[in-house]
Amino acid sequence: MVLVVAVIRPFGGSEACVAVPAALLVMGIGAVSLPDARSELAELAPVVGFLAAVLVLSQMCSAEGLFDWCGMWIARAAKGRSDRLLVGVFVAASLVTVVFSLDATVVLMTPVVSITAARLHVRARPHLYACGHLSNTASLLLPVSNLTNLLALGASGLTFTRFAVLMGLPWLAAIVVEFLLFRVFFASDLTAAQPADAHDVEPELQTPRVALVTVAATLVGFVVTSAVGVSPAWAAAAGAVVLAAHAVARRKTDVRGILRSVDVPFLVFVLALAVVVRAVIDNGLDHVLRGWLPHPNGLLGLLGIAAIAAIAANVVNNLPAVLMLVPLVASGGPAAVLAVLLGVNIGPNLTYTGSLATMLWRRVLQQHRHASRFTDFTKLGLLTTPAALIAAVVALWASLALTGM
């Protein structure tokens with residue numbers, strides 16, 4: 001019920017309006033004890049802190065014009081052709097997801113893509129759906145690209161760089177498969193006739209050097225903090241402070257704008273949802289999942305774990321799914337944990353409730369007067385999600401074999 005209300009938002013308010021009472025209810029009826037709820041919140045607090053820092057960092061990059069600058073280069077590379085624009089969107093959205101996490105692709109990149117498609121007079125549908133899908137699929141590469149990755153990193157026993165090395169090939173394989181299937185699914189949109197002289201000239205935008213340097217330094221900070229055992233949230237927070245100070249000094253934002261970018265109601269929703277899911281886990285779901293999970297031996301074992309993780313993500317959302325599954329598979333080593341991440345990161349492209357990013361994506365589309373039809377979303381998900389998941393698992397199996405794990 002919490003997830004359905006979060007998707008539909010019948011009262012027009014925050015998702016937290018229902019999630020918080022639901023969390024209080026499950027504690028009140030004894031479905032989850034107060035100490036367990038407190039433990040769950042304490043475990044999730046650093047991850048939510050990282051999300052808050054990345055939201056500010058992303059918004060400050062937007063204020064500095066970084067995403068508009070990306071849109072300018074995408075449009076120029078497209079040269080008025082929708083198929084070329086799709087290539088540019090796939091590249092840009094994938095990189096934005098890797099660096100800024102999936103929420104930046106949804107909240108900041110999607111509007112830029114919408115404006116770019118309108119300026120080039122091409123159908124926006126393929127490119128907007130690409131942002132939605134890549135916010136999930138492209139979040140495999142780095143531990144900081146998705147909250148699910150951060151939650152699972154400790155259980156995997158991997159360092160920041162080791163994680164990236166093992167996930168590099170699955171990340172690339174999933175994106176390539178998605179791109180090829182997008183070309184098939186949206187063939188009519190990509191080849192639609194366009195007026196030869198209807199394209200606006202792309203405005204010349206100044207290179208946002210401060211934002212680019214800060215982002216590069218933040219990425220280095222992610223690696224360094226991970227190496228010394230410090231939360232990457234500190235690196236993200238440092239980058240956010242630097243850009244926020246620069247943006248305020250240049251009057252591109254103010255303190256209120258910075259506070260709004262934190263999106264406190266959404267962070268509260270994430271915490272409340274974790275308590276609700278803990279109640280579901282403690283009342284039988286963990287035993288059901290434990291009986292279904294195969295042993296992570298060989299390719300078939302990894303495929304089975306990834307498939308169950310994908311199903312769980314679509315049933316209870318990907319963030320709760322990783323909280324449920326990682327403790328159950330951690331004894332199987334990093335291979336099993338990474339297989340879970342493939343399932344909970346790629347699988348959500350199948351349904352609206354699969355991930356928080358997809359929920360945000362639908363809200364952004366509505367704000368910019370674009371429709372996301374349930375039938376189109378589902379058909380595209382059925383076409384791309386199983387294929388991308390299988391390709392990624394095979395690539396993970398190959399990466400593990402090549403590295404001797």
Side-chain angles (χ1 to χ4, degrees), residues 47 50 90-91 94-95 97-99 101-102 134 136-180 216 218-232 235 293-310 313 318 321-322 325-347 385-405:
V47 179
F50 171 80
F90 258 75
V91 172
S94 296
L95 294 178
T97 300
V98 167
V99 176
S101 85
L102 67 175
L134 290 170
N136 292 312
T137 302
S139 67
L140 295 169
L141 185 59
L142 299 181
V144 296
S145 302
N146 197 328
L147 290 177
T148 56
N149 300 354
L150 284 171
L151 289 170
L153 182 62
S156 71
L158 299 171
T159 63
F160 186 101
T161 52
R162 188 67 169 167
F163 182 100
V165 168
L166 288 174
M167 290 297 251
L169 193 56
W171 174 78
L172 183 61
I175 292 173
V176 169
V177 169
E178 287 252 19
F179 175 75
L180 295 175
T218 303
L219 281 174
V220 174
F222 289 154
V223 178
V224 173
T225 53
S226 177
V228 298
V230 177
S231 171
L293 286 168
H295 195 277
N297 280 339
L299 178 58
L300 290 179
L302 295 178
L303 283 169
I305 291 174
I308 291 173
N318 66 339
V322 81
L325 292 171
V326 166
L328 300 180
V329 303
S331 60
V337 175
L338 295 181
V340 167
L341 289 180
L342 294 183
V344 299
N345 288 3
I346 299 174
T385 304
L389 185 58
I390 292 172
V393 173
V394 172
L396 174 62
W397 175 72
S399 293
L400 293 167
L402 290 172
T403 55
M405 294 187 66

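Numbers here are sequence positions counted from 1. Here the structure is a predicted model, which means the values were calculated and not measured.
Two residues are said to be in side-chain contact when any heavy atoms from C-beta on lie closer than 4.5 Å; Pro294 and Ile308 meet this criterion. The shortest side-chain heavy-atom distance between Val337 and Leu158 does not fall under the 4.5 Å cut-off. Between Thr161 and Val223, the closest side-chain pair of non-hydrogen atoms falls below 4.5 Å. Contact check for Leu325 versus Val322: no side-chain heavy atoms found under the 4.5 Å cut-off. For the pair Leu342/Leu396, a side-chain contact is recorded, criterion being any heavy-atom separation below 4.5 Å from C-beta on.
Partners of Leu299 according to the side chain to side chain contact (heavy atoms under 4.5 Å, CB included) rule, which considers only residues two or more places apart in sequence or in another chain, are Leu303, Val393, Val394, Trp397. Residues that satisfy the side chain to side chain contact (heavy atoms under 4.5 Å, CB included) test with Ala336, not counting sequence neighbours, are Pro296, Ile305, Val329.
Across Ala313 and Val344, no two heavy atoms sit closer than the pair CB-CA, 4.1 Å. Across all their heavy atoms, Ala152 and Leu341 have their closest contact at CB-CD2, 3.8 Å. Closest non-hydrogen pair, Ser399 versus Thr403, comes out as O-OG1, 2.8 Å.
Just one of Asn146, Thr148, Asn318, Asn149 meets the side-chain hydrogen bond (donor to acceptor under 3.5 Å, both in side chains) condition when paired with Ser139; it is Asn146.
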Verdict with supporting geometry, Leu338 and Phe163, side-chain contact (heavy atoms from CB on, under 4.5 Å): CA-CA 9 Å; Leu338 295 181; Phe163 182 100; 3.7 Å; yes

Verdict with supporting geometry, Val144 and Phe160, side-chain contact (heavy atoms from CB on, under 4.5 Å): CA-CA 9 Å; Val144 296; Phe160 186 101; 4.0 Å; yes

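Within the model, atoms OG1 of Thr97 and CG of Leu134 stand 6.5 Å from one another, a figure rounded to the nearest 0.5 Å. For the atom pair CG (Leu151) and OG (Ser156), the distance works out to 11.5 Å, reported to the nearest 0.5 Å.
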Please tabulate, for side-chain N and O atoms in residues 165-178, each donor-acceptor pair with protein atoms closer than 3.5 Å (sequence neighbours left out).
{"from": "Trp171", "atom 1": "NE1", "to": "Ala138", "atom 2": "O", "distance (Å)": "3.0"}
{"from": "Glu178", "atom 1": "OE1", "to": "His133", "atom 2": "ND1", "distance (Å)": "3.1"}
{"from": "Glu178", "atom 1": "OE2", "to": "Thr137", "atom 2": "OG1", "distance (Å)": "2.8"}
{"from": "Glu178", "atom 1": "OE2", "to": "Asn349", "atom 2": "ND2", "distance (Å)": "3.2"}

